[in-house]
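These notes concern the structure reproduced below.
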Amino acid sequence: MNPDPAYKEFVLAHTRLAPVPLAPEIHLYLAEDAISLWEQTEIFRNGQHLPPPFWGFAWAGGQALVRYLLDHRELVKNRNVLDFASGSGLVAIAAAKAGAASVEANEIDPFAQAAIACNAHENAVSLTIRAEDLIGTDAGWDVILAGDVSYERDMAERVTLWLERLHRRGALVLIGDPGRSYLAREKLECIARYNVPVSRTIEDSCEKESGVYRFQTL
C-alpha cells in the first residue's frame with residue numbers, strides 16, 4: 001500500500017532525521033517528545049482520541065533485534081521476511097539492508113504506515129507495507145520479526161500463540177524485548193543481549209538491557 005501523502009507530510013513536519021543509537025547505519029525520522037507528538041496526532045485527526053505514537057521512537061527491543069540482524073545477515077539473506085507491528089519500520093529496514101528477498105512491514109496505524117514509507121525512502125530500501133491485522137494468518141514467510149510486542153497482556157498472549165504456531169511449522173521467529181512484563185519467557189530462549197541507548201521520554205532510564213529471543217526447540 002502507499003500511505004496517504006498528508007500523513008507523510010505530518011511525519012516529516014513533526015520529527016527529525018537521526019541515526020539509530022545501536023545501529024547508526026540506519027537513520028529514522030524520530031520525535032523528541034512523546035506527549036507533544038501524541039497531542040499533534042490528535043489535533044491532526046480533529047481531536048480524535050488516538051493510541052500513543054509508537055512509530056516516532058526507536059524502541060529498545062527493536063534496536064536489539066536490528067543489531068542482531070545486521071551482525072547475522074545470513075538469517076534473512078534471500079528469505080521472505082515479515083516485520084510484525086513495525087512501528088517506525090526500523091526492523092523491516094534492517095532486514096532489507098541485510099539482503100532479504102522481500103520484506104513486509106505490518107502496521108495498522110496510518111501514521112506508522114507513513115513513517116515506514118518515509119524511513120524506507122531515506123534508507124534507500126524497498127519494502128511492502130501491510131495494513132491489515134495479520135495475527136493468526138500465515139503467508140508462508142520464512143522469517144517473522146517482532147520487536148517490543150509484549151507490553152500489554154492481551155496483545156502479548158495473542159501474538160505469542162500466533163508466533164509459536166509459525167515457529168512450529170518451520171519459520172524462524174525472532175523477538176526483540178527489553179524485559180517487558182508479558183514476555184513469554186517460559187517459551188523462549190535468549191540468544192543475544194545488548195545495552196541499548198533509549199530516550200528518557202519513553203523509558204525509565206537512558207539505557208535498557210534488551211534481548212533477542214527465539215522459541216525453544218522441542
Side-chain angles (χ1 to χ4, degrees), residues 1-5 7-8 11 17 19-20 22-30 54-55 58-59 61-149 155 158-177 191-192 212-215:
M1 68 159 294
N2 188 25
D4 187 327
Y7 283 86
K8 290 183 182 180
V11 169
L17 196 62
V20 175
L22 202 64
E25 53 266 64
I26 295 176
H27 286 67
L28 298 179
Y29 287 99
L30 299 173
F54 298 121
W55 53 268
W59 293 83
Q63 288 196 58
L65 190 49
V66 163
R67 187 70 267 157
Y68 189 75
L69 289 177
L70 293 176
D71 292 342
H72 300 85
R73 296 174 179 239
E74 70 280 0
L75 296 174
V76 296
K77 187 174 178 60
N78 299 324
R79 307 184 80 182
N80 298 317
V81 176
L82 172 68
D83 176 28
F84 172 72
S86 191
S88 65
L90 171 58
V91 177
I93 289 166
K97 281 184 169 291
S102 69
V103 179
E104 293 182 325
N106 176 223
E107 258 296 346
I108 59 174
D109 181 348
F111 289 101
Q113 293 159 11
I116 292 167
C118 292
N119 289 326
H121 176 78
E122 179 62 34
N123 288 277
V125 299
S126 177
L127 51 78
T128 299
I129 299 172
R130 294 286 298 271
E132 65 269 39
D133 182 355
L134 293 180
I135 297 177
T137 67
D138 186 353
W141 304 288
D142 302 310
V143 182
I144 299 91
L145 307 170
D148 295 283
V149 295
M155 172 72 165
R158 289 183 65 215
V159 171
T160 299
L161 289 172
W162 172 53
L163 294 179
E164 189 174 22
R165 287 197 297 270
L166 294 171
H167 160 73
R168 287 178 176 173
R169 69 96 165 131
L172 172 63
V173 177
L174 296 176
I175 298 169
D177 193 272
I191 56 177
V212 177
Y213 298 86
R214 66 185 177 195
F215 282 95

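By convention here, the first residue in the shown sequence is residue 1.
Taking 4.5 Å as the limit, every side-chain heavy atom of H27 sits out of range of all side-chain heavy atoms of V20. Counting heavy atoms from C-beta outward, L145 and V81 have side chains that approach closer than 4.5 Å. Using a 4.5 Å heavy-atom threshold, the side chains of I93 and L28 count as touching. Between Y213 and L174 there is no side-chain heavy-atom pair separated by less than 4.5 Å. With contacts defined as side-chain heavy-atom distances shorter than 4.5 Å, the pair L163/I144 qualifies. The side-chain heavy atoms of I129 and P3, taken from C-beta on, include a pair separated by under 4.5 Å. With a 4.5 Å cut-off on side-chain heavy atoms, L22 and V66 do not count as touching. With contacts defined as side-chain heavy-atom distances shorter than 4.5 Å, the pair I26/L70 qualifies.
Not counting sequence neighbours, E122 has no partner by the salt bridge (charged side-chain N to carboxylate O under 4.0 Å, His left out) test. By the side chain to side chain donor-acceptor pair (under 3.5 Å) test, K97 is found to be paired with no residue, residues two or more places apart in sequence or in another chain being considered. Partners of H72 under the ring pair (Phe, Tyr, Trp, His ring centres under 6.0 Å) rule, at least two apart in sequence or in another chain, are Y68. Contacts of E74 classified as salt bridge (charged side-chain N to carboxylate O under 4.0 Å, His left out), with partners at least two apart in sequence or in another chain: none. In this view, W162 and F84 satisfy the ring pair (Phe, Tyr, Trp, His ring centres under 6.0 Å) rule, not counting sequence neighbours. Checked against salt bridge (charged side-chain N to carboxylate O under 4.0 Å, His left out), R130 has the following partners two or more places apart in sequence or in another chain: E104, E132. With sequence neighbours excluded, no residue forms a side chain to side chain donor-acceptor pair (under 3.5 Å) with T128. Judged as a side chain to side chain donor-acceptor pair (under 3.5 Å), and not counting sequence neighbours, S88 has no contacts. With sequence neighbours excluded, the residues that form a side chain to side chain donor-acceptor pair (under 3.5 Å) with D83 are S86. Scanning for salt bridge (charged side-chain N to carboxylate O under 4.0 Å, His left out) contacts around D4 gives an empty result, with sequence neighbours left out. Applying the ring pair (Phe, Tyr, Trp, His ring centres under 6.0 Å) rule to F215 yields the partners H167; only residues at least two apart in sequence or on another chain are considered.
Within the model, atoms CG of L69 and CG of L90 stand 9.5 Å from one another, a figure rounded to the nearest 0.5 Å. Separating the CD1 atom in I135 from the CZ atom in R158 is a distance of 4.0 Å, to the nearest 0.5 Å. Between the CG atom of D109 and the OH atom of Y7 there is a distance of 8.5 Å, given to the nearest 0.5 Å. In this structure, the separation between CG on L127 and CG on N119 is 9.5 Å, given to the nearest 0.5 Å.
Nearest heavy atom pair, residue A98 against residue V76, reads CB-CG2, 3.5 Å. Counting all heavy atoms, side chain and backbone alike, S102 lies closest to N80 at OG-OD1, 2.8 Å. The heavy-atom pair separating A105 from A92 by the smallest distance is CB-CB, 3.9 Å. Contact between V149 and A85 at its shortest, heavy atoms only, is CG1-CB, 4.0 Å. Taking every heavy atom of both residues into account, V11 and A115 meet most closely at CG2-N, 3.9 Å. Closest non-hydrogen pair, Q63 versus A58, comes out as NE2-O, 3.0 Å.
Counting only residues at least two apart or on different chains, the salt bridge (charged side-chain N to carboxylate O under 4.0 Å, His left out) pairs with a member in residues 135-146 are D138-R169.
Other residues, nucleotides and ligands contribute more than 12 heavy atoms inside 6.0 Å of the CG atom of L17.
Not one N or O on the side chain of E107 forms a donor-acceptor pair closer than 3.5 Å with the backbone of Q113. Remark: the backbone N or O of D148 is not paired with any side-chain donor or acceptor of D177 at under 3.5 angstrom. Side-chain N or O atoms of R79 include one that pairs as donor or acceptor with a backbone N or O of L75 at under 3.5 Å. One N or O on the side chain of W59 and one on the backbone of F54 form a donor-acceptor pair closer than 3.5 Å.
Looking at L172, V173, L134 one by one, the single match for side chain to side chain contact (heavy atoms under 4.5 Å, CB included) with W141 turns out to be L134.
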